[in-house]
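Position 1 is the first residue of the sequence; numbering continues from there. Everything numeric in this text was worked out from a predicted model, so none of it was measured.
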Amino acid sequence: MSADQVWLEVAKLAVQFVGAIAIARLAVRWALSRYKDEKTWERQLTAYVDVCSALGEMRLIVGRWADEIEGAGKHYSEEFKKKSAERYSAAKRNIENAGAVARLILPPETDGVLSKLAIDLDGIDFEDPFDAYNLEYSLIDDALATLHIQGRSALGFDPSTAPKPRWWNRSARVAP
C-alpha cells in the first residue's frame, strides 16, 4: 500500500468521523428539543387540569348552596356546610396558585379568563344570596367552558377527531 492510499484512507476515516459527530449532534439537539416540547406540553396539560378541576369543584359547591337556599336540594348538616366552605376555599386557592403558573406557561388568553373571573367573583354584591350564588355559578360555568375550548386548542386536541364511544352513534346499534 502506497503512502497516497494511506492518506486517502485516513481522509475517508476523518470525513466519516466528522460526519458521524455532526449527525450525532443533530440527533441529540432534536431529541432534547422534542423532550422539552413534550415536558412543556405535559406542564400545560397539568395546569389546565388543575384549573378546570378547581373550577368544577367550585361550581358544584355553589350549585349545592343555591339549591339549598331555593329549597330544591336537600338540607345539609352544619358539618357538611363547613366542609363545603373549606373545599370551596381550597379550590379558590388552587385557582389562584394555578393563575401564577398560567402566567408562565399557558397562553395569555387563559390568564385573561382567570383574571377576569377573579375580578368578577370579588365584585359580586347582592343582598339576596340566591342571586349571588346564581351569578357566581354562571361566571364559573362560563369560565370553565372557555378554558375547555382554550385548553383543547392550546394542547392540540381536536374534539371532532376524537374517537367516540359506541353509544355515541345510535344508528350503530343493532336492533334486537
Task: Shortest non-hydrogen contact from R103 toward S115 - done: NH2-OG, 4.0 Å
Open item on the list: With a 4.5 Å cut-off on side-chain heavy-atom distances among I, L, V, M, F, W and Y, is there a chain of contacts connecting V101 to L104?
Closed with: yes
Task: S89 vs R93 side-chain heavy atoms within contact, under 4.5 Å - done: yes
Please tabulate, for the side chains in residues 123-132, all donor-acceptor contacts under 3.5 angstrom to protein atoms that are two or more places apart in sequence or on a different chain.
residue: D128; atom: OD1; partner: F130; partner atom: N; Å: 3.3

Task: Residue pair F17 / I21, side-chain heavy-atom distance below 4.5 Å - done: yes
Open item on the list: Between the side chains of K92 and E96, is the shortest nitrogen-to-carboxylate-oxygen separation below 4.0 Å, so that they form an ion pair?
Closed with: no
Open item on the list: Under 4.0 Å between a side-chain nitrogen and a carboxylate oxygen: does that hold for E86 and K83?
Closed with: no
- [ ] Calculate, to the nearest 0.5 Å, the distance between atoms CD and NZ belonging to E42 and K39 respectively.
- [x] 5.0 Å
- [ ] With the side chain counted from C-beta on, respond yes when F80 and R64 share a heavy-atom pair under 4.5 Å apart, and no when they do not.
- [x] yes
Task: Distance-minimising heavy-atom pair for Q150 and V113 - done: NE2-CG2, 3.6 Å
TODO: Would you name the heavy atoms of W41 and L155 that are closest together and state the gap between them?
DONE: NE1-O, 2.9 Å
Task: Inter-residue atom distance Y133.OH - I61.CD1, 0.5 Å rounding - done: 11.0 Å
Open item on the list: Testing the basics here: between S84 and W65, what is the closest heavy-atom pair and its distance to 0.1 Å?
Closed with: CB-NE1, 3.9 Å
Open item on the list: To check you understand the geometry: which heavy-atom pair defines the closest contact between A47 and I105, and what is its length?
Closed with: CB-CD1, 4.2 Å
Open item on the list: For a quick test of reading the model, state the closest non-hydrogen atom pair linking T110 to Y48 and the distance between them.
Closed with: OG1-OH, 2.8 Å
Task: Beyond-backbone contact of R87 with L60, side-chain heavy atoms, under 4.5 angstrom - done: yes
- [ ] State, with a plain yes or no, whether a side-chain heavy atom of M58 is found less than 4.5 Å away from one of L121.
- [x] yes
Task: CD1-CG distance between I119 and L139, expressed to the nearest 0.5 angstrom - done: 12.0 Å
Task: Pairwise distance CD(E109) to OG(S153) - rounded to 0.5 angstrom - done: 8.5 Å
- [ ] First locate atom CZ of R34, then atom CG of L32, and finally report the distance between them rounded to the nearest 0.5 Å.
- [x] 12.5 Å
Task: Value rounded to 0.5 Å, distance of CG in L13 from CD in E9 - done: 6.5 Å
Task: Joint hydrophobic cluster, V49 plus L106, side-chain heavy atoms closer than 4.5 Å - done: yes
Open item on the list: Donor-acceptor pair, distance only, cut-off 3.5 Å: does the side chain of S33 make one with the backbone of R29?
Closed with: no
Open item on the list: Let's go through V51 and L114 carefully: what are the C-alpha distance in whole Å and the side-chain angles of both, what is the deciding distance for side chain to side chain contact (heavy atoms under 4.5 Å, CB included) to 0.1 Å, and is it a yes or a no?
Closed with: CA-CA 9 Å; V51 168; L114 293 175; 3.6 Å; yes
Open item on the list: I want to check something: taking the side chain as every heavy atom from C-beta on, are L55 and L147 in contact at a cut-off of under 4.5 Å?
Closed with: yes
